[in-house]
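Everything numeric here is computed off the predicted structure, so don't read it as measured data. Note that ligands are numbered from 1 as they come in the structure, with each ligand's atoms numbered from 1 the same way.
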Amino acid sequence: MAACQWGDAEKRLIGILKSIAVPFVRVSALRKVLFLDVLLDEMNSMTQELEQFDVLVIGAGSGGYIASIRAGQLGLRVACVEAAPYADPKGEPRPGGTCLNVGCIPSKALLSSSEEFENIRKHSRAHGIHVEGVTMDVPAMISRKDAIVTKMAQGIEYLFRKNKVNYLKGRATVLGRVGDAFDVAIAQNVRARHLVIATGSLPRQLPGIAIDNVDVCDNAGALAFQAVPNRLAIIGAGIIGLELGSVWRRLGSAVTIIEALPQLLPMCDTEVAREMHKLMSAQGLEFQLGARVSGLERNPDGTQKLTYSDASGTTQSLVCDKLVVAVGRVPTTADLGLGSIGVEISDRGFVEVDQHCRTSVEHVYAIGDVVRGPMLAHKAEDEGVMVMERIAGQAGHVNYDAIPSIIYTSPEVAWVGRTEQELKEAGIDYRAGKFPFSANGRALGNGDTSGFVKVLADAKTDTVLGVHIVSTSASEMIGEAAMAIEFKAAAEDIGRISHAHPTLYEAIREAALATGTGALNL
Ligand code: FAD
Ligand code: AMP
């Protein structure tokens, strides 16, 4: 990047001032204004060495890096800036954000390794396979996960080069508006006509519980244990709490999850959450629901004593070797300098945006975890694509009703559209059709018949309003349901589409049929 040479700039400023000093003392007030315009123009041209972009994307996470690639594809001159090194060996800012470095990808790698381990130990016998002396090499499992993350981070840098995205390393702070552009301080200042805020989120912290990411961890620490903790306590029975709890339980930890609400997975359809409570408890996860954590003591022997009041209000304590705090995430807007250009921030710290991710300031957009909506990587990506297409004059759009959500436990949970409780609250008349995997031939063959598919359809129009799946491959099956909702399909449409046999996704068809004429295999 061309540096702005202050020595040269000063010389040019003195030159400009000398050349206009004499006329300036003679001009009228009006000409003074005109003169100031000339001076401003001169000063602007003076700073032309400053790197200029059509768009600057702040944050190279799921939203920011995909937005940048799309911008490159659309022919925009784009830069993407990232501050966090995560586990980069040289300590340099690394692209990929939470999802790649300490979220989706590493957690799925560990879920996969631990599931392999559990399948060999506990489920292979049912297939007639006898394996003795199975052990888990935790450092090798963590190294595998780290190698996947490194490879994908390199992949993003390759994609940046391929799509002519200027990757800038450093912490971005918005300095202010200059004419119709914005100046942003990174290592050197840059100027851009549009800004896309994609700064993501950070783990929410609880008062009195300091994270050290060794014994008291957030997601980053919990994805890097070098040995299996004997007793693991997790605060928060949301998606992250259940996924991390599953990993370490499968490897041998005694896991207790403390949740403030009376049910786990509060964002799920209630019937799904109840089913998951049953299935997760049967696997050995212990839940304390309706419980409030009141304090943490660090014992000299390295263990932690957690104090909480249980659902009946009785004070309880729990000693654990490691504690994971997974009580949600907060948007990253502090110290970004957004106040300098007047971008509105909500009481909860989210950047305020409309349905097209436009902020309160023209030409400034915000996407992903830093704005309203589900904190999901693909939602951030979809918003990134939409925003760049709109900047390029196209009609980018996100259908927020058709964004799937997934929990990668075993069985998995996946859903898209509305829950039964949302439909009831909205007063929408609907029909529910349900089909259990115990009646699905492929599930029997696979050796896991847990879970069901539930399809919710509008009682009058038959339009599919929501699909909820609990099953081993729910994450792959939910695509059909998202497509159905996107194309405003009727439940009857799903029922009439040929579904290959034997497959798990036949259960979606059966559940769709169950909303109307009835399932065939039940
Ligand atoms: P982020 O990925 O958080 O990226 C924002 C980036 O901006 C960060 O790298 C940050 O360092 C950078 N930044 C912030 N401020 C500045 C600044 N001033 N200058 C420069 N850079 C800055 N979602 C799913 O869809 N599927 C999953 O399976 C899934 N699993 C998850 C598992 C875990 C354990 C966690 C924690 C999250 C998971 N998520 C999952 C959520 C997903 O990670 C986020 O929704 C996604 O990362 C949001 O993308 P983003 O681009 O908005 O923000
Ligand atoms: P998620 O938003 O999916 O990461 O889930 C976070 C979970 O943590 C939710 O189920 C919250 O109800 C739960 N939670 C939030 N604060 C607390 C707290 N102080 N104690 C226990 N659970 C909490």
Is R390 paired with E383 through a side-chain N to carboxylate O contact shorter than 4.0 Å?
-> no

In plain terms, say whether K278 and E275 are close enough for a salt bridge, that is, a side-chain N and a carboxylate O under 4.0 Å apart.
-> yes

For N101, check side chain to side chain contact (heavy atoms under 4.5 Å, CB included) against everything at least two apart and list the hits.
-> Y86, R94, V149

Is a salt bridge present between E425 and R418, judged by a nitrogen-to-oxygen distance below 4.0 Å?
-> no

For ligand 2, list all ligand N or O to protein N or O distances below 3.5 Å, rounded to 0.1 Å.
residue: ligand 2; atom: 3 (O); partner: I239; partner atom: N; Å: 3.3
residue: ligand 2; atom: 10 (O); partner: E259; partner atom: OE1; Å: 2.7
residue: ligand 2; atom: 10 (O); partner: E259; partner atom: OE2; Å: 3.3
residue: ligand 2; atom: 12 (O); partner: E259; partner atom: OE2; Å: 2.6
residue: ligand 2; atom: 16 (N); partner: R204; partner atom: NH2; Å: 3.0
residue: ligand 2; atom: 22 (N); partner: A260; partner atom: N; Å: 3.2

Using the ring of each side chain (for Trp, its six-membered ring), is F287 parallel, tilted or perpendicular to H277, with breaks at 30° and 60°?
-> perpendicular

In chain order, what residues pass the side chain to side chain contact (heavy atoms under 4.5 Å, CB included) check against L175, with sequence neighbours excluded?
-> D183, A185, N189

Before accepting this row, confirm whether a basic side-chain N of the pair D321/R231 lies closer than 4.0 Å to the acidic partner's carboxylate O.
-> yes

Which N/O atoms of ligand 1 sit under 3.5 Å from a protein N/O, and at what distances?
residue: ligand 1; atom: 2 (O); partner: T98; partner atom: N; Å: 2.9
residue: ligand 1; atom: 3 (O); partner: T98; partner atom: OG1; Å: 2.7
residue: ligand 1; atom: 9 (O); partner: E82; partner atom: OE1; Å: 2.8
residue: ligand 1; atom: 9 (O); partner: E82; partner atom: OE2; Å: 3.0
residue: ligand 1; atom: 9 (O); partner: Y86; partner atom: OH; Å: 2.6
residue: ligand 1; atom: 11 (O); partner: E82; partner atom: OE2; Å: 2.6
residue: ligand 1; atom: 18 (N); partner: A172; partner atom: O; Å: 3.0
residue: ligand 1; atom: 19 (N); partner: A172; partner atom: N; Å: 2.9
residue: ligand 1; atom: 21 (N); partner: A83; partner atom: N; Å: 3.2
residue: ligand 1; atom: 23 (N); partner: A377; partner atom: N; Å: 3.3
residue: ligand 1; atom: 25 (O); partner: A377; partner atom: N; Å: 2.8
residue: ligand 1; atom: 25 (O); partner: H378; partner atom: ND1; Å: 3.4
residue: ligand 1; atom: 28 (O); partner: K108; partner atom: NZ; Å: 2.7
residue: ligand 1; atom: 30 (N); partner: K108; partner atom: NZ; Å: 3.3
residue: ligand 1; atom: 43 (O); partner: C99; partner atom: N; Å: 3.4
residue: ligand 1; atom: 45 (O); partner: D369; partner atom: OD1; Å: 2.8
residue: ligand 1; atom: 45 (O); partner: D369; partner atom: OD2; Å: 3.3
residue: ligand 1; atom: 45 (O); partner: M375; partner atom: O; Å: 3.3
residue: ligand 1; atom: 45 (O); partner: L376; partner atom: N; Å: 3.2
residue: ligand 1; atom: 45 (O); partner: A377; partner atom: N; Å: 3.4
residue: ligand 1; atom: 47 (O); partner: C99; partner atom: N; Å: 3.3
residue: ligand 1; atom: 51 (O); partner: S62; partner atom: N; Å: 3.2
residue: ligand 1; atom: 51 (O); partner: G63; partner atom: N; Å: 2.9
residue: ligand 1; atom: 52 (O); partner: D369; partner atom: N; Å: 2.9

Anything under 30° is parallel, anything over 60° is perpendicular, the rest tilted; go ahead and classify F160 against Y167.
-> tilted

Would the number of heavy atoms belonging to other residues, nucleotides or ligands and lying under 6.0 Å from CD of E115 be above 12?
-> yes

